[in-house]
Amino acid sequence: MSNFNLKIEKKIAILEFDQPDSKVNVLNTQVMQELASIIEELAKKSCSQEVKALLITSKKDNVFIAGADIKEIENITSSQEAKEKAESGKRILNNLAGLNLITVAVIDGACLGGGFELALACKYRVASFNDKVRIGLPEVNLGIIPGFGGTQRLPRLVGLTKALVMILSGQMIPGKVALRYGVVDKLFPQVRLIDDSLDFVNSLLEGKIKINKKKKKFFQKFLEDTHLGRLIVFSQTKEKILKKTKGFYPAPLKAIELIKRTYRGNIRKGFFLESEAFSKLAVTEVSKNLIKVFYLYEEFKKYPWVDSKIKPGPINKCGVLGAGVMGGGIAQLISCRDIPVRLKDINYRALQTAFRTAAGLFAYAQRKRKFKPHQVTYKFGLISPTTTYRGFENSDIVIEAVVEDLGIKQKVFKELSQVVSAKTILASNTSALPITKMAQVTNSADRVVGLHFFNPVHRMPLVEVIKSPETSEQTLAGAIAFARSLGKVVIVVKDVPGFLINRILLSYLNEAGFLVEEGIKIEHIDRIALKFGMPMGPMELIDEVGIDVGHKVAKILEEAYGSRMQVSRLLDKVKEKGLLGKKAKLGFYIHKKKKKIPNPDIYKLIESFPKKSISDDIAFKRMIYVMINEAARCLEERVVDNPQTIDIGMIMGTGFPPHRAGLLRYADTLGIDNIVKELEVLEQKFKTLRFKPCNYLLDMQKRKDKFYH
Ligand SMILES: NC(=O)c1ccc[n+]([C@@H]2O[C@H](COP(=O)([O-])OP(=O)(O)OC[C@H]3O[C@@H](n4cnc5c(N)ncnc54)[C@H](O)[C@@H]3O)[C@@H](O)[C@H]2O)c1
């Protein structure tokens, strides 16, 4: 047996899972076969009374079982194959569940997906107080549902409402929550986990303790145990899911349908229907794409941007310049990670607003039980406001987030380089201005780097790290490690106007502006983008970012790239009119509380412009193809080296729909030849460089190439 080690002492078997040459344990075909024969052996031993109990543990640090092997799920090519896999896994876990033994899963770390389903097939589950304990069924994130019985056993164990939340959100709960939910029966100190688990088993064997199912409170009883209650639960859950996924993700809907059909019925039938549902989902394009995105995400969490020999220095204290939307958000995020941060602005009111916003975020985190009240007090206290550079001298990194104006930024960088220590990393959060130009005015350009957070800082998972030709590898390593320590995914990009993400995104926003100029309604443009799966439409996004900010960035790009990035006259006019977007409640939309209605005044600004008849299909192609073209240009200019960086950047930085697997993966599905031909038609028709296919795409077309092989 290469994956398991079975020890039997005093009639208690301990099965240790320790997958060779791997940091984690996963359930693959070979592991499941081994497990099947161990269960068979234990079944015999239980008959002969040689064994009375079984503990299943892991030898890995902080991992019980990370889940089923995703490679195997990815390689499934037919529904039949998927069904056989689910059925065979379920058979083995059913045999585990049927053992005439006291069975206990002993969890000390990640217990996810198939791993949790294995634990659910045990009669009891215990976990350690280890912070790394995370228990859940994240299958929906891969476009599938649990296939080894999880959709049947979990609702029967913890009740309908909690199980639905766990299965539909892919939520991974810590040990204490698992105890409260009744997912685990006991928590033990990590150092005594095995000893205490053995005592637990002995007490069960001796009949000294009895574990009862958690009693349902009155309202939970009504919701789960009455026909009317269940009707309410299922219809409200479905409504919530549809609102969140906009119907693009079939897995959560299938899970609801399945659980609705099987919740109080015969579990065998439930298992059968679960395999059926799993088999349909595992072969969908959505699932295959989500798996690709999962791999991308995992790859970029630790992508080796710099030589591993270069060790980043510690970051014990930070400075942030500018307490606006971004600076305030960055300071709050830093304090969340228990790092003291000095926040400077020239304007007291900005500091006040930043503190109010941070207080709101902390209050929310406390409500969601992410932080306890004393943690909030401590973390909030780590942000100290100032209008001078006092306290900046011992910062390990300073992030500049003042207004998007090169002159002001250069002034600030010059001042900074005279105040801080020689080792301090100087970072700019600029959206589009050249880092090189800011570095020039400092006394050491090698420690200047771009650190481009996205708005809202606490929610957007991406940070673009911008490397100027002068940025040292040491500075780069420090900036990357810092951004990762804040929980962000990092991409490193070349110092060109707009860097990577804004450069691509602006071509799309601009095109949307041209389409409105030509007569398409604001809300209709947004609907076209939403239909594709964008989290919000382009016009709504400009309002969200701020028309002043968006226009400034658009102008920087127009100046840098010429007529190809010409700003739409609509955006110019809206800016001239002084509309700011959502922050002033007036932009392309009139924003009222949670509602927004298109602003009729916008159309007056473009009344005199000639109108055209444009189909939805053409409008959509114009917006998406200009992005693909710009992305290809970025590869041509080596802004980044590979399509993966663009795809992860667009998903994490702009919310490009993950079920499309990324902008360039999507381009591959369209076919480069088709894209080039369509761009050429548009170029002919509109006589503009905006649609001229770049050389990179033309070469790909000639070679019949794809972005991904
Ligand atoms: N808003 C976004 O969506 C977004 C996203 C990513 C990056 N950015 C970039 O982040 C930077 C800040 O943007 P923002 O939206 O937070 O702007 P903002 O206007 O909300 O805040 C800028 C703050 O800088 C302060 N300031 C001006 N000069 C200063 C000085 N010399 N010293 C200290 N503070 C000074 C202002 O008082 C203001 O409070 C810009 O470079 C912007 O391009 C913005």
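Just so you know, these numbers use all the heavy atoms, side chains as well, and skip hydrogens, waters and symmetry mates. As the structure lists them, so they are numbered: ligands from 1, and atoms in each ligand from 1. Sequence positions, counted from 1, serve as the residue numbers for this chain.
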* To do: Using modelled atom types only, decide if a donor and an acceptor are shared between the side chain of Glu464 and the backbone of His452 within a distance under 3.5 Å.
  => no
* To do: Consider every N or O of Asn347 and every N or O of ligand 1, then say whether any pair is closer than 3.5 Å.
  => no
* Asked: Just distances here: any N/O of Met326 and N/O of ligand 1 closer than 3.5 Å?
  -> yes
* Would you say Tyr389's side chain and Val420's backbone share a donor-acceptor pair under 3.5 angstrom? -> no
* **Protein residue, atom and distance nearest to atom 3 (O) of ligand 1, heavy-atom basis** => Asn455 ND2, 3.1 Å
* Asked: For atom 39 (O) of ligand 1, which candidate among Ile501, Thr430, Asp345, Asn429 holds the nearest heavy atom?
  -> Asp345
* **Residue and atom name of the nearest protein heavy atom (relative to atom 19 (O) of ligand 1), distance in Å to one decimal** => Val403 CG1, 4.0 Å
* Cation-aromatic face contact Arg690/Phe514, 6.0 Å, 45 degrees -> yes
* **Per-atom contacts, ligand 1 versus Ala350 - under 4.0 Å to a heavy atom** => 39 (O)
* Structure fact -> Lys409 heavy atoms within 4.0 Å reach ligand 1 at atoms 40 (C), 41 (O)
* Asked: Quick one: is the NZ or CZ of Lys379 closer than 6.0 Å to the six-membered ring centre of Phe362, and within 45° of its axis?
  -> no
* Can a protein heavy atom be found under 4.0 Å away from atom 17 (O) of ligand 1? -> no
* Can Lys595 be said to sit on top of Tyr589's aromatic six-ring, NZ or CZ under 6.0 Å from centre and within 45° of the ring axis? -> no
* To do: Return a yes/no value for Glu404: is any of its N or O atoms, backbone included, closer than 3.5 angstrom to an N or O of ligand 1?
  => yes
* Asked: What residue and atom, counting heavy atoms only, is the protein's closest point to atom 40 (C) of ligand 1, and at what distance?
  -> Val402 O, 3.3 Å
* Determine yes or no for a side-chain-to-main-chain donor-acceptor pair under 3.5 angstrom, with Asp647 supplying the side chain and Arg665 the backbone. => yes
* To do: Number the atoms of ligand 1 from 1 as they appear, then name those within less than 4.0 Å of a heavy atom of Val412, with their elements.
  => 31 (N)
* Asked: Any side-chain donor paired with an acceptor under 3.5 Å for Thr430 and Glu404?
  -> yes
* To which of Ala401, Gly653, Pro456 does the heavy atom nearest atom 22 (C) of ligand 1 belong? -> Ala401
* Asked: Which atoms of ligand 1 have any heavy atom of Ser431 under 4.0 Å away?
  -> 6 (C), 7 (C), 8 (N), 9 (C), 42 (C), 43 (O), 44 (C)
* Of all the non-hydrogen atoms in the protein, which one sits nearest to atom 21 (O) of ligand 1, and at what distance? -> Gly324 CA, 3.2 Å
* **Whether Glu517 side chain and Ile606 backbone form a donor-acceptor pair below 3.5 Å** => no
* **Donor-acceptor contact present, side-chain Asp446 to main-chain Ser472, <3.5 Å** => no
* Is the side chain of Thr377 donor-acceptor paired with the backbone N or O of Pro373 at a distance under 3.5 Å, no angle test? -> yes
* Asked: Among all protein non-hydrogen atoms, which one is nearest to atom 32 (N) of ligand 1, and what is the separation to 0.1 Å?
  -> Lys344 NZ, 3.6 Å
* **Residue part near ligand 1, for Phe453, under 4.0 Å between non-hydrogen atoms** => backbone
* Spacing of Leu515 atom CG and Asn510 atom CG [to the nearest 0.5 Å] -> 10.5 Å
* **side-chain contact (heavy atoms from CB on, under 4.5 Å), paired with Arg633, selected from Ser507, Cys694, Pro693** => Cys694
* Is the closest heavy atom of His452 to ligand 1 under 4.0 Å? -> yes
* Any N or O of Val325 that comes nearer than 3.5 Å to an N or O of ligand 1? -> yes
* Could you check atom 27 (C) of ligand 1 against the protein and tell me its nearest heavy-atom contact, residue, atom and distance included? => Ile346 CD1, 3.8 Å
